[in-house]
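All remarks here apply to the structure that follows.
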Amino acid sequence: ANNLYGSTALLSSLLNNLLSYSYEVSLTCCKLQIYCIHTYAIIEFTILAVMCYDRYLAICQPLHYHRIMSITKVCSLVAFSWLYPLVAFALFFTLTLRLTFCSRVIERVYCINYSLVKLSCTETSMESTVGLLSVGVYTFPQLIITVYSYAKILKVCFFGSKESRTKAMKTCTPHIVAIINYSLGCFFEKIGRASCRE
């Protein structure tokens, strides 16, 4: 569902620009696209962290897994994975919404918050500072959960039996591939943004 949400936010506007001759997007649509793309990224990272916690329980506490991961807890984690990013980014995004803009030309083929803030006529040092802090707020808890979970899983792999190691690898491989895929996408997006600044 989240991939559909992110793809719709990005590709619909991109295809519209490719098929038109104006290459324009309204300010309202740009703001909506920013909200959707950023919340998609935070939701994806949160879901990957929740999946990591699930793998940790399945490998490190297999006998207690069904008791800990009850239907109620699973539903709560899924709801949190969606609601936390939607509300958290909305609070930060209100700073961007109150800005006035002097230019209409963005540096990308899609809208991101940084590109829009750069077009502001007013002083944006507060928005930039809050933006940097918010990146930590949006990613640090998930990163801690991921690192902690995999540290515990590696401990099982190193000190457990061969059967435990095999089971851990089979359980974790798809999740590790998903994390690498997502991380590489974010990394190349950041490189692309940095090259646009030069």
Side-chain angles (χ1 to χ4, degrees), residues 1-14 25 27-57 69 73-99 106-120 124 126-151 172 174-194 196-197:
N2 190 44
N3 287 334
L4 182 63
Y5 169 64
S7 299
T8 303
L10 177 63
L11 296 179
S12 57
S13 175
L14 185 62
V25 62
L27 183 60
T28 303
C29 288
C30 187
K31 289 176 180 177
L32 183 61
Q33 187 179 51
I34 288 169
Y35 181 79
C36 292
I37 287 174
H38 285 270
T39 52
Y40 156 75
I42 303 166
I43 290 168
E44 190 72 18
F45 197 44
T46 306
I47 289 172
L48 287 170
V50 168
M51 289 171 62
C52 202
Y53 173 68
D54 178 71
R55 299 305 189 271
Y56 155 71
L57 290 176
M69 290 298 281
K73 187 162 187 178
V74 169
C75 291
S76 299
L77 288 171
V78 170
F80 175 79
S81 297
W82 276 87
L83 293 177
Y84 162 70
L86 294 175
V87 173
F89 187 75
L91 295 174
F92 161 70
F93 197 47
T94 55
L95 294 173
T96 301
L97 295 177
R98 67 188 181 90
L99 296 174
I106 59 173
E107 62 188 19
R108 309 299 294 265
V109 293
Y110 58 92
C111 296
I112 56 172
N113 195 60
Y114 175 78
S115 297
L116 195 61
V117 169
K118 275 179 57 176
L119 304 179
S120 175
T124 59
M126 184 180 75
E127 285 79 6
S128 300
T129 304
V130 172
L132 285 173
L133 292 173
S134 67
V135 170
V137 170
Y138 301 146
T139 58
F140 192 69
Q142 295 93 321
L143 193 60
I144 291 294
I145 291 168
T146 303
V147 170
Y148 175 80
S149 298
Y150 272 107
C172 293
H175 184 254
I176 291 170
V177 169
I179 288 177
I180 291 170
N181 183 40
Y182 178 72
S183 300
L184 284 176
C186 291
F187 175 73
F188 285 118
E189 197 278 334
K190 297 291 182 196
I191 287 177
R193 190 187 307 176
C196 285
R197 289 180 202 166

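If you read the sequence from its start, that first residue is 1, and numbering goes on from there.
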Are Trp82 and Ile47 close enough, and set up right, to give a side chain to side chain contact (heavy atoms under 4.5 Å, CB included), and what steps lead you there?
-> CA-CA 8 Å; Trp82 276 87; Ile47 289 172; 4.3 Å; yes
What heavy-atom pair brings Phe93 and Ile34 nearest, and what distance separates the two atoms?
-> CE1-CG2, 3.4 Å
Any sub-3.5 Å donor-acceptor pair from His38's side-chain atoms to Phe89's backbone N or O?
-> no
Where Thr139 and Phe45 come nearest, the two heavy atoms and their spacing = O-CE2, 3.3 Å
Spacing of Asn113 atom CG and Tyr35 atom OH [to the nearest 0.5 Å] | 12.5 Å
For the atom pair SG (Cys52) and CD1 (Ile144), what is the distance rounded to the nearest 0.5 Å?
-> 12.0 Å
For the pair Tyr53 and Tyr56, name the ring-plane relationship: parallel under 30°, tilted 30 to 60°, perpendicular over 60°.
-> tilted
Closest non-hydrogen atom pair, Val50 against Ser81 = CG2-OG, 3.4 Å
I would like to know whether Thr96 and Lys31 meet side chain to side chain contact (heavy atoms under 4.5 Å, CB included); could you show each step before the answer?
-> CA-CA 9 Å; Thr96 301; Lys31 289 176 180 177; 5.9 Å; no
Between the side chain of Ser149 and the main-chain N/O of Thr146, is any donor-acceptor distance below 3.5 Å?
-> no
What is the distance from atom CD1 of Ile145 to atom OG1 of Thr46, rounded to the nearest 0.5 Å?
-> 8.5 Å
From CG (Leu48) to CD1 (Ile43), nearest 0.5 Å = 12.0 Å
Look up atom OG in Ser120 and atom CG in Leu95, then write down how far apart they are to the nearest 0.5 Å.
-> 11.5 Å
Aromatic ring pairing Tyr138/Phe92, orientation class (parallel under 30°, perpendicular over 60°, tilted between) | perpendicular
Over all atoms of both residues, closest heavy-atom pair of Leu116 and Cys30 | CD1-SG, 4.3 Å
Distance-minimising heavy-atom pair for Phe80 and Pro85 = O-CD, 3.7 Å
Can you name the closest pair of heavy atoms from Leu77 and Met69 and give their distance?
-> CD1-CE, 3.9 Å
